Amino acid sequence: MLPVSCEAYKLIHEGAIALAQVEADGIRVDRKYLRAEITKVSIDIANAVCRIKEDKIYRLWIRRFGKQANIGSRQQLGKILFEDMGLECCQRTQTGRPAITQETLQDTKLPFVVDYLQYQKLIKVRSTYLYGILREVDPDGFLHPFYNLHIAQTYRSSCDSPNFQNIPVRDEQMMQMVRRAFLPRPGNQLIEVDYSGAEVASATCYHHDPTMVEYIVNPAKDMHRDMSRFCYMLKKSDVDKKIRGCGKGMFVFSQFYGSYYVKNAIALWDAIDELGLCKPDGTSLHKHLRRKGIRERGACTGGEPPAPKTFEAHIKAVEDYFWNDLFPVYAQWKRDWYAEYLRTASFETLTGFRFEGALDRKKVINYPIQGTAFHWLLWSLTQVVNKELAKAKMRTRVAGQIHDSIVSDGPPEERDDYLALMNHIMTKAIRDHWTWIDVPLTIDADVAPVGAPWSEKAKYKME
DNA sequence: TACTTCGGCGCC
DNA sequence: AAAGGGCGCCGAAGTA
């Protein structure tokens, strides 16, 4: 930890005090629900195991491993599928073995993997989440996760015992099963406030690309929708939520974090079938791309340049456009920032923290952006926890923090005051504190009904 | 038995 | 030239 200014030191000091308060207050958990759900999930797991054992593949499994056969062993499954059955596995692990992942299993197209993946999901929910949370609940029914400021290389926080920062949310089934366990105190409601596009805004404070500023300032513009359109050669109106999500995750953020067109092309192409991506009239995007002259994905080997008229070649063109035409200033900043690092062997965040030592290019670009975005959240947390809640004599308490969001537990009559306070701290006061924040910051809020679990949170309109 | 490493996967 | 940043937790498998 290398804070290079009094102000940077103060952020960590006051941040630690705020997080200690969050840890002490904790979050209420429904133990009865957890115990009942563990029983329920255990039955579902037993049923899934039965279905797996009825499959032909399990007979091969027994023949090959006999008494050692273990459904939980990915290594064994890999040997059966990719050695005995001779199926193709297009991903390797670090040590060169076939990678047995959700993706490579799905690629086999075997009916067996549907049951197997459901089984694995339930195992994950039961062990990491249901048991993992229940084990840490205190005698009063509260959870007190630890928030660390001395672990992450980026100057972010981390969280453990249990990790409150990786509770399922994207998978609807897992989200329901796990978030149902988190409750507000009696008579209260849970609220989650998060920075919109925190890392994009943080990055822009470094590179100042005018096109990115325009995307942030103008609510009518949408970078993810635009890039989704270009990747799949669609009209603006053809981009639905699913397609936009693919462009965002498989192109834009991948590119920001240092991935490249070959990986993007594979992910975006496979997503068409896996997620059933269609135009509004029901045309599959594969068919749509064929009409645009793209019939194949391309070799995607990374060795040779992509063959013409392949999807790979198209995504390479999108990548060139993205960095050379759309965000040239961002691209130049990346080159300059890295060159300066090579010269000095160090760099600093805008919030006043230094990095030293051997780091690769991707880390040199990503660390300051990630750390700075978190420091916005941490500063906001110090204001609300250490100062404003007490000053306003409010009963609302912060229950947790997830990198760019703050979860609170408070009485409904304080809800609108709390949201107004958070909006003031997170979007206005912070820009007086750090005047180098030269893009507007905005927040979103999710609110669960009074007495309802975290699984029932829904978008909340703030005035 | 206790510990470490690996592969995998949950979140931002 | 290379090719996804950061975490914590789990079970399996290997080692002491």
Side-chain angles (χ1 to χ4, degrees), chain A residues 65 68-78 91-105 117 120-133 135-136 145-171 173-175 177-179 192 194-200 202-203 248-267 300-303 316 319 338 355 359-374 377 400-407:
Chain A
F65 293 102
Q68 308 297 317
N70 178 359
I71 292 184
S73 169
R74 280 199 181 79
Q75 205 178 80
Q76 291 184 4
L77 178 58
Q91 276 183 49
R92 306 279 125 187
T93 68
Q94 276 206 332
T95 53
R97 291 195 293 248
I100 319 297
T101 65
Q102 290 167 352
E103 208 185 321
T104 62
L105 289 177
L117 292 175
Q120 289 220 317
K121 185 201 281 189
L122 295 174
I123 289 281
K124 174 101 178 167
V125 164
R126 187 176 61 172
S127 57
T128 301
Y129 297 107
L130 302 178
Y131 274 127
I133 290 166
R135 189 177 57 225
E136 301 288 348
F146 295 97
Y147 292 93
N148 314 298
L149 291 174
H150 62 296
I151 288 177
Q153 301 296 302
T154 55
Y155 296 109
R156 251 197 188 180
S157 65
S158 79
C159 180
D160 65 83
S161 308
N163 184 353
F164 187 68
Q165 296 178 324
N166 72 346
I167 308 297
V169 65
R170 291 171 208 164
D171 183 294
Q173 188 191 10
M174 293 178 84
M175 187 279 278
M177 285 191 283
V178 180
R179 294 195 174 217
E192 185 166 355
D194 73 291
Y195 274 115
S196 1
E199 288 199 13
V200 172
S202 157
K248 178 178 172 181
M250 299 173 194
F251 186 82
V252 177
F253 277 112
S254 288
Q255 287 283 339
F256 285 166
Y257 292 147
S259 188
Y260 77 130
Y261 72 91
V262 169
K263 303 277 188 190
N264 298 154
I266 294 170
C300 291
T301 52
K316 180 171 190 317
E319 180 187 87
Y338 185 62
F355 297 87
L359 296 166
D360 68 32
R361 180 195 300 269
K362 296 188 292 297
K363 290 178 170 158
V364 171
I365 301 302
N366 286 322
Y367 281 15
I369 294 169
Q370 195 179 102
T372 299
F374 171 68
L377 193 282
Q401 164 267 123
I402 311 167
H403 307 302
D404 67 353
S405 77
I406 292 176
V407 180

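Only a predicted model underlies this, so the values are computations on that prediction, with no experimental measurement involved.
- Each of C:dC10, B:dG10, C:dG5 was ranked by its minimum atom distance to the side chain of A:Arg135; first place goes to C:dC10.
- Set against C:dG5, B:dC6, C:dC10, the side chain of A:Lys363 has C:dG5 as its closest nucleotide.
- Distance noted for atom P between B:dG8 and C:dG4: 16 Å (whole Å).
- A:Lys316 has its NZ atom 13 Å from the C1' atom of C:dA3, to the nearest Å.
- In this structure, A:Leu130 atom CG and C:dG11 atom P are separated by 13 Å, rounded to whole Å.
- Atom CD1 in A:Ile406 sits about 15 Å away from atom P in B:dC12, given to the nearest Å.
- Residue A:Tyr260 and nucleotide C:dA3 are classified as a stacked aromatic pair, their ring centres being separated by less than 5.5 Å at an interplanar angle below 30°.
- Note: CD1 (A:Ile71) to P (C:dA12) measures 11 Å, nearest angstrom.
- Distance, A:Tyr338 OH to C:dG5 C1': 15 Å, rounded to whole Å.
- A:Tyr257 and A:Glu199 share a side-chain donor-acceptor pair at under 3.5 Å.
- At a threshold of 4.0 angstrom between heavy atoms, the contacts of A:Ile123 with the nucleic acid are absent.
- Side-chain atoms of A:Asn166 come within donor-acceptor range of the base of B:dG10, with a qualifying N/O pair under 3.5 Å.
- A side-chain donor-acceptor contact under 3.5 Å links A:Asn264 and A:Gln255.
- Residue A:Pro368 comes nearest to A:Ser202 through the heavy atom pair O-OG, 4.4 Å, listed as atom of the first residue, atom of the second, then distance.
- The side chain of A:Gln401 contributes no N or O atom lying less than 4.0 Å from OP1 or OP2 of B:dC11.
- At whole-Å resolution of the value, CZ in A:Phe355 and P in C:dG5 are 15 Å apart.
- Note on A:Ala373: nothing from the nucleic acid sits closer than 4.0 angstrom, heavy atoms only.
- Applying the 4.0 Å criterion to OP1 and OP2 of C:dA12, one finds that A:Asn70 has a side-chain N or O inside that range.
- Mapping A:Tyr367 and A:Gly302 onto DNA chain C via the closest heavy atom, the residue that lands nearer the 5' end is A:Gly302.
- Donor-acceptor pairing under 3.5 Å, judged by distance alone, is absent between the side chain of A:Gln370 and the base of C:dG6.
- In this structure, A:Ser161 contributes its side chain and A:Phe146 its backbone to no donor-acceptor pair below 3.5 Å.
- Closest contact between the side chain of A:Val169 and the listed nucleotides B:dC11, B:dG8, C:dC9 involves B:dC11.
- The cationic atom of A:Arg361 (NZ for Lys, CZ for Arg) lies less than 6.0 Å from the six-membered ring centre of A:Tyr338 and within 45° of the ring axis.
- The side chain of A:Lys263 lies closest to C:dG4, out of C:dG4, C:dA13, C:dG8.
- Sorted by residue number, the members of residues 149-161 of chain A with any non-hydrogen atom under 4.0 Å from DNA chain C read A:Ile151, A:Ala152, A:Gln153, A:Thr154, A:Arg156, A:Ser158, A:Cys159, A:Asp160, A:Ser161.
- Judged by atom type and distance alone, A:Lys124 does not reach the base of C:dC10 through any side-chain donor-acceptor pair under 3.5 Å.
- Taking only side-chain nitrogens and oxygens, A:Thr128 never comes nearer than 4.0 Å to OP1 or OP2 of B:dG10.
- Which of C:dC10, B:dG10, B:dC12 sits closest to the side chain of A:Asp404 comes down to B:dC12.
- Among the atoms of the strands shown, base atoms are found under 4.0 Å from some heavy atom of A:Ser254.
- Distance A:Asn163 CG to C:dC9 C1': 8 Å, rounded to the nearest Å.
- Contact annotation: the side chain of A:Gln120 never approaches that of A:Gln102 to less than 4.5 Å [non-hydrogen atoms, C-beta and beyond].
- Formation of a donor-acceptor pair under 3.5 Å by the A:Ser254 side chain with backbone atoms of A:Gly249 is found in this model.
- Side-chain atoms of A:Gln76 come within 3.5 Å of backbone N or O of A:Gln68 as a donor-acceptor pair.
- Taking atom CD1 of residue A:Ile402 and atom P of nucleotide B:dG10, one finds them 16 Å apart after rounding to whole Å.
- Note on ring orientation: taking the six-membered ring where Trp is involved, the planes of A:Tyr147 and A:Phe164 are perpendicular (angle over 60°, cut-offs 30° and 60°).
- Picking from B:dC11, C:dA13, B:dG8 the nucleotide with the shortest atom distance to the side chain of A:Ser73 gives C:dA13.
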